[in-house]
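Beneath this line is the structure, given in structure tokens, with notes to follow.
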Amino acid sequence: MISRRYVRPNTGEDENVFWVTMTDLLLGLAIIFMTLFILAMTGFTQSKLQQQATQGEVAKKLIANMQEQKIDAKIDAITGQVKISDLELFELNSYNLSENGKKYLNKFIPIYVNTIFSNPKLYDKVSNVVIQGHTDSQTFKNIPTKEEQFTKNMDLSLKRANAVAEYIFNTGYNKKYTDKLTKTLVVEGKSYTEPVLVNGKEDYNKSRRVELKLIVKDSNIQDFLVKKEN
């Protein structure tokens with residue numbers, strides 16, 4: 001007796017079902033990733049706005065206090081960043097503070113430090129006070145390579161920033177803020193990597209400078225840490 005078995009012809013429907021299912025899955029994953037990305041970017045934007053608001057608040061107080069004491073200081077009204085020309089602080093190619101530089105810091109630093117640390121609401125939002133030294137891109141004599149030029153300028157910029165940081169503690173700021181100051185103070189040398197350009201050309205006098213920058217805490221990270229501790 002001959003038995004016969006019916007074999008259903010392969011119409012491709014099973015494969016179609018498989019690929020439709022995979023397509024739906026990939027589409028769903030793509031939507032999830034896009035949603036997470038949008039939420040992350042929204043949180044990032046809000047955090048940046050909060051940081052900028054804090055910097056602007058500090059800048060406003062610094063500008064008002066400097067003007068009240070008739071101290072000439074170049075303060076960015078948005079970021080609170082301060083630029084001090086090296087001509088006011090140092091002799092050319094030197095990292096030793098001049099007498100005029102010391103006189104300027106004696107007036108400027110107490111107002112700067114006391115303004116930041118006297119208000120707990122402001123201080124609690126500041127993670128670092130960064131002192132940056134900058135040089136111009138003019139070359140030193142008898143230094144043949146670009147790499148050596150860079151490192152020579154790096155050394156000079158770092159020593160200038162460090163000279164300002166060291167002298168801060170000799171000024172007449174309120175010494176009860178010393179512990180807070182030492183916890184937040186950071187010194188950096190930038191060599192000639194961030195020149196000041198005027199009409200597309202480097203202004204050597206403006207490039208040679210010391211900057212003080214406020215680094216504000218990320219509120220999202222702080223909120224996470226507080227929740228984790230609780």
Residue pair [X] / [Y], side-chain donor-acceptor N/O under 3.5 Å:
X      : Y      : value
Thr184 : Asn128 : no
Gln149 : Thr139 : no
Glu166 : Asn162 : yes
Lys213 : Gln132 : yes
Thr135 : Asn153 : yes
Tyr167 : Asn106 : yes

Are [Y] and [X] linked, directly or through intermediate hydrophobic residues, by side-chain heavy-atom contacts shorter than 4.5 Å (ILVMFWY only)?
X      : Y      : result
Phe169 : Tyr112 : yes
Leu185 : Tyr177 : yes
Val164 : Leu181 : yes
Ile116 : Val113 : yes
Ile78  : Ile63  : no

Would you find more than 12 non-hydrogen atoms of other residues, nucleotides or ligands less than 6.0 Å from [X] atom [atom1]?
X      : atom1 : result
Lys175 : NZ    : yes
Glu91  : CD    : no
Phe108 : CZ    : yes
Ile215 : CD1   : yes
Lys180 : NZ    : yes

[X] versus [Y]: any side-chain heavy-atom pair under 4.5 Å?
X      : Y      : result
Ile111 : Lys107 : no
Ser127 : Lys217 : yes
Leu97  : Phe90  : yes
Thr79  : Leu214 : no
Tyr204 : Ser137 : yes
Leu197 : Asp203 : no

Output the distance between atom [atom1] ([X]) and atom [atom2] ([Y]), rounded to the nearest 0.5 Å.
X      : Y      : atom1 : atom2 : value
Thr115 : Asn65  : OG1   : CG    : 4.0 Å
Leu62  : Glu57  : CG    : CD    : 11.0 Å
His134 : Leu158 : NE2   : CG    : 11.5 Å

Looking only at heavy atoms, what is the nearest atom pair of [X] and [Y], with distance?
X      : Y      : result
Lys125 : Val216 : O-CG1, 3.2 Å
Ala59  : Ala77  : CB-O, 3.5 Å
Val196 : Ser207 : N-OG, 3.0 Å
Ala165 : Val187 : CB-CG2, 3.6 Å
Asn205 : Ser85  : O-OG, 4.0 Å

Parallel under 30°, tilted from 30 to 60°, perpendicular over 60°: which one fits the rings of Tyr192 and Phe150? perpendicular

Heavy-atom donor-acceptor pair, [X] side chain to [Y] backbone, under 3.5 Å:
X      : Y      : result
Glu188 : Ile131 : no
Lys74  : Ile84  : no
Ser191 : Thr193 : no
Asn114 : Asn174 : yes

Taking only residues at least two apart or on different chains, which pairs with a member in residues 79-89 satisfy salt bridge (Lys or Arg N to Asp or Glu O under 4.0 Å)? Asp86-Arg160, Asp86-Arg208

Between the side chains of Asp179 and Lys183, is the shortest nitrogen-to-carboxylate-oxygen separation below 4.0 Å, so that they form an ion pair? no

Salt-bridge criterion met for Arg209 and Glu211 (N-O under 4.0 Å): yes

Criterion side chain to side chain donor-acceptor pair (under 3.5 Å) on Thr178 and Tyr173, from CA distance to verdict: CA-CA 9 Å; Thr178 295; Tyr173 72 91; 2.8 Å; yes

